[in-house]
Visitor: 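Shown below is the structure under consideration.
Quick caveat: nothing in here was measured; it's all calculated off a predicted structure.
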Amino acid sequence: MPYRATQVSQNPLDYFMHHNETESHFHISDVVLRVNRSKKEIFAHLIRMASNSQWSHSALVSNINNPSMGLENTFLVEAKTKGVIMSSWRNEVLPYKEFTVGIKRPRLDWYQENPTEAAKRDKDDPEDRHGIDYLRHVREIALDQIHGLYDHKVVWELASLYVERVARRHLSKVPQIAEAADKLAELFKRWDAKQEPNAHVMRFICSGLLQYSFFAALRFRLLQDLKHPAHRESALHNLRNMHSILYREDPDGVMEQYIQRILSGEQDLAAPVPDDLQDLLKTALPADFNNSSNLEWRYIVLNGNVWQIDEAPAGYVGQSEDEQAVLAMLHPEHSPVDEDKPQKEAKTRQAISQ
């Protein structure tokens, strides 16, 4: 999809803190991507190396400032090396030369509000928009993990899984490489479980926290809505579209198979989430959010300048070197997905719709 970038501010702190009665530049549960160029941040470099990506971190917009209520700051929830924490927007962009930030927004055109959600919408609330109850639920799920641990060993698991993905796509004539990477990933998982046999908290890297929160919030809402006859129609609609909150590649169709098993009655939605789906969610990468068409680009903050991102006609080319540099950041990064994935997904979705 072609985009255009328009410079709208030279002060990302003031621009995103600006709040009026009709609109905020941030929305609840916006996804914030970040490039950290600090040579001291070894872990950020490991994430980028493991995922072959420019992006090393992701966070979720949690609370938006509202001066009329005396709230002057905007906070994000994120998984960092010290655990899952709340962080100020200021910490995401300063110093400007060290951080580049991208902001993407979940596409919710697929989401059907239940009658209760629709009835309590407040047209006078600038934060209130389609799907706001779900987006607030996503935020609450992320906050609920505030005492969770940042999973350091997942970085190494990601590296081995990444090698496995590349091997399956590009090295099909040497299957031993993919098999070795697969075994390495399993070794790290067993080591992790052995080290913390009594741990009951979900542990994440930054992007895994976000991906899990979008999934868990929708699953919990479906569980409640399916109990109410008046909400059942919207619940089934959202269940059939559950793949829309998966922001990473799924070459094996794990999410689609999960949806189909629930719809067919083969699996209970209330049952524990299968391990393969848990792994799919936990190993989401910042690069996956960059690539996902289920999230729409809204802003890039580069060298302290704020660029608004909008869709453009086919063939659009940036009008300046600066705009071209911004647009280059929006390109899908190397993603070792199954080349037959679109055809496989189309067949699975057709089966689900029937």
Visitor: Has Glu113 got a side-chain atom pairing as donor or acceptor with Gly131's backbone, closer than 3.5 angstrom?
Guide: yes

Visitor: Please check: side-chain N/O of Arg34 versus main-chain N/O of Phe99, any donor-acceptor pairing under 3.5 Å?
Guide: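 Pair absent, no side-chain N/O of Arg34 close to backbone of Phe99.
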
Visitor: Quick one: pull up CG in Asn11 and CG in Asn305 and give me the separation to the nearest 0.5 Å.
Guide: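 It comes to 10.0 Å.
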
Visitor: Evaluate whether atom CZ of Phe220 has more than 12 neighbouring non-hydrogen atoms of other residues, nucleotides or ligands under 6.0 angstrom away.
Guide: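 Incorrect, the count does not exceed 12.
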
Visitor: Among all residues two or more places apart in sequence or in another chain, which pass the salt bridge (charged side-chain N to carboxylate O under 4.0 Å, His left out) test with Asp225?
Guide: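 Salt bridge (charged side-chain N to carboxylate O under 4.0 Å, His left out) list for Asp225, sorted by chain: empty.
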
Visitor: Is the side chain of Glu323 donor-acceptor paired with the backbone N or O of Glu321 at a distance under 3.5 Å, no angle test?
Guide: no

Visitor: Less than 4.5 Å apart, side chain to side chain, heavy atoms only: is that true for Asn303 and Thr100?
Guide: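 Heavy-atom side-chain distance check fails, nothing below 4.5 Å.
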
Visitor: Strictly distance-based, threshold 3.5 Å: is any side-chain N or O of Ser87 a donor or acceptor partner for the main-chain N or O of Leu76?
Guide: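 No, Ser87 side chain to Leu76 backbone: no donor-acceptor pair under 3.5 Å.
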
Visitor: So which atom in Pro286 and which in Ser56 form the shortest heavy-atom distance, rounded to 0.1 Å?
Guide: CG-C, 4.0 Å

Visitor: Using the side-chain hydrogen bond (donor to acceptor under 3.5 Å, both in side chains) criterion, which residues pair with Glu117? Sequence neighbours excluded.
Guide: Tyr111, Asn114, Arg221

Visitor: Please answer whether the main-chain N or O of Glu333 pairs with a side-chain N or O of Asn291 as donor and acceptor at a distance below 3.5 Å.
Guide: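 Flag set: sc Asn291 to bb Glu333 pair under 3.5 Å.
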
Visitor: Is the shortest heavy-atom distance from the side chain of Arg219 to the side chain of Leu269 under 4.5 Å?
Guide: yes

Visitor: Nearest 0.5 angstrom please: Gln211 CD to Ser292 OG, how far?
Guide: 8.0 Å

Visitor: How about Gln324: does its CD atom have over 12 heavy atoms from other parts shown lying under 6.0 Å from it?
Guide: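 Yes, CD of Gln324 has more than 12 neighbouring heavy atoms, counting only those of other groups under 6.0 Å.
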
Visitor: Output yes when a side-chain donor or acceptor of Asp144 lies under 3.5 Å from a complementary backbone atom of Glu140, and no otherwise.
Guide: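 Not a single qualifying donor-acceptor pair exists.
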
Visitor: Hey, could you give me the OG1/CZ distance between Thr74 and Arg90, rounded to the nearest 0.5 Å?
Guide: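 Spacing of OG1 (Thr74) from CZ (Arg90) equals 11.5 Å.
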
Visitor: Would you confirm whether Gln257, through its side chain, and Asp252, through its main-chain N or O, come within 3.5 Å as a donor-acceptor pair?
Guide: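 Yes, because the side chain of Gln257 sits within donor-acceptor range (under 3.5 Å) of the backbone of Asp252.
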
Visitor: Once you measure the plane-to-plane angle for His25 and Phe16, does it fall in the parallel (<30°), tilted (30-60°) or perpendicular (>60°) bin?
Guide: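 Perpendicular.
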
Visitor: Could you check if a side-chain atom of His243 sits within less than 4.5 angstrom of a side-chain atom of Trp110, using non-hydrogen atoms only?
Guide: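 His243 vs Trp110: side chains apart.
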
Visitor: Roughly how far, to the nearest 0.5 Å, is the CG atom of Leu108 from the NE2 atom of His130?
Guide: 6.0 Å

Visitor: As a test of understanding, state which of Leu281, Leu280, Leu285 forms a side chain to side chain contact (heavy atoms under 4.5 Å, CB included) with Arg248.
Guide: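 Of Leu281, Leu280, Leu285, side chain to side chain contact (heavy atoms under 4.5 Å, CB included) with Arg248 is met by Leu280 alone.
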
Visitor: Going by heavy atoms in the side chains, are Pro12 and Val101 under 4.5 Å from each other?
Guide: no

Visitor: Would you indicate whether the side-chain heavy atoms of Ile141 and Val138 approach each other to under 4.5 Å?
Guide: no

Visitor: Does the side-chain contact (heavy atoms from CB on, under 4.5 Å) test come out yes or no for Ile309 and Val326, once each step is laid out?
Guide: CA-CA 9 Å; Ile309 308 301; Val326 170; 4.0 Å; yes

Visitor: Between Trp297 and Leu33, is there a side-chain heavy-atom distance shorter than 4.5 Å?
Guide: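 They are in contact (side-chain heavy atoms under 4.5 Å apart), so the answer is yes.
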
Visitor: Among all residues two or more places apart in sequence or in another chain, which pass the ring pair (Phe, Tyr, Trp, His ring centres under 6.0 Å) test with Phe214?
Guide: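 Only Tyr247 meet the ring pair (Phe, Tyr, Trp, His ring centres under 6.0 Å) criterion with Phe214.
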
Visitor: Yes or no on side-chain contact (heavy atoms from CB on, under 4.5 Å) for Val32 and Phe289, after CA distance, side-chain angles and deciding distance?
Guide: CA-CA 9 Å; Val32 176; Phe289 295 155; over 6 Å; no

Visitor: Measuring from atom CE of Met329 to atom CH2 of Trp55, what distance do you get when rounded to the nearest 0.5 angstrom?
Guide: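 Here the rounded value is 3.5 Å.
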
Visitor: Is the backbone N or O of Asp310 less than 3.5 Å from a side-chain atom of Arg4, with the two atoms forming a donor-acceptor pair by type?
Guide: no

Visitor: If the condition is side-chain hydrogen bond (donor to acceptor under 3.5 Å, both in side chains), which residues does Arg107 pass it with, not counting sequence neighbours?
Guide: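 In terms of side-chain hydrogen bond (donor to acceptor under 3.5 Å, both in side chains), with neighbours along the sequence ignored, Arg107 is linked to no residue.
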
Visitor: Would you please name every residue forming a side-chain hydrogen bond (donor to acceptor under 3.5 Å, both in side chains) with Thr116, sequence neighbours left out?
Guide: His231

Visitor: Tell me every residue that passes side-chain hydrogen bond (donor to acceptor under 3.5 Å, both in side chains) with Asp128, counting only those two or more places apart in sequence or in another chain.
Guide: Arg121

Visitor: Quick check for you: to the nearest 0.5 Å, what is the distance between Lys104 atom NZ and Leu330 atom CG?
Guide: 8.0 Å

Visitor: Please determine whether residues Val31 and Met1 belong to a single hydrophobic cluster, defined as Ile, Leu, Val, Met, Phe, Trp and Tyr linked transitively by side-chain heavy-atom distances below 4.5 Å.
Guide: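 Result: yes, single cluster for both.
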
Visitor: Less than 4.5 Å apart, any side-chain heavy atom of Arg105 and any of Leu135?
Guide: no

Visitor: Run the side-chain contact (heavy atoms from CB on, under 4.5 Å) test on Val301 and Glu92 for me, step by step, so that the C-alpha distance in whole Å, both residues' side-chain angles and the decisive distance to 0.1 Å come before the verdict.
Guide: CA-CA 10 Å; Val301 180; Glu92 299 297 316; over 6 Å; no

Visitor: Step by step, work out the side-chain contact (heavy atoms from CB on, under 4.5 Å) result for Leu218 and Leu222.
Guide: CA-CA 6 Å; Leu218 184 57; Leu222 291 174; 4.2 Å; yes

Visitor: Would you call Tyr3 and Leu327 a side-chain contact if the rule is heavy atoms closer than 4.5 Å?
Guide: yes

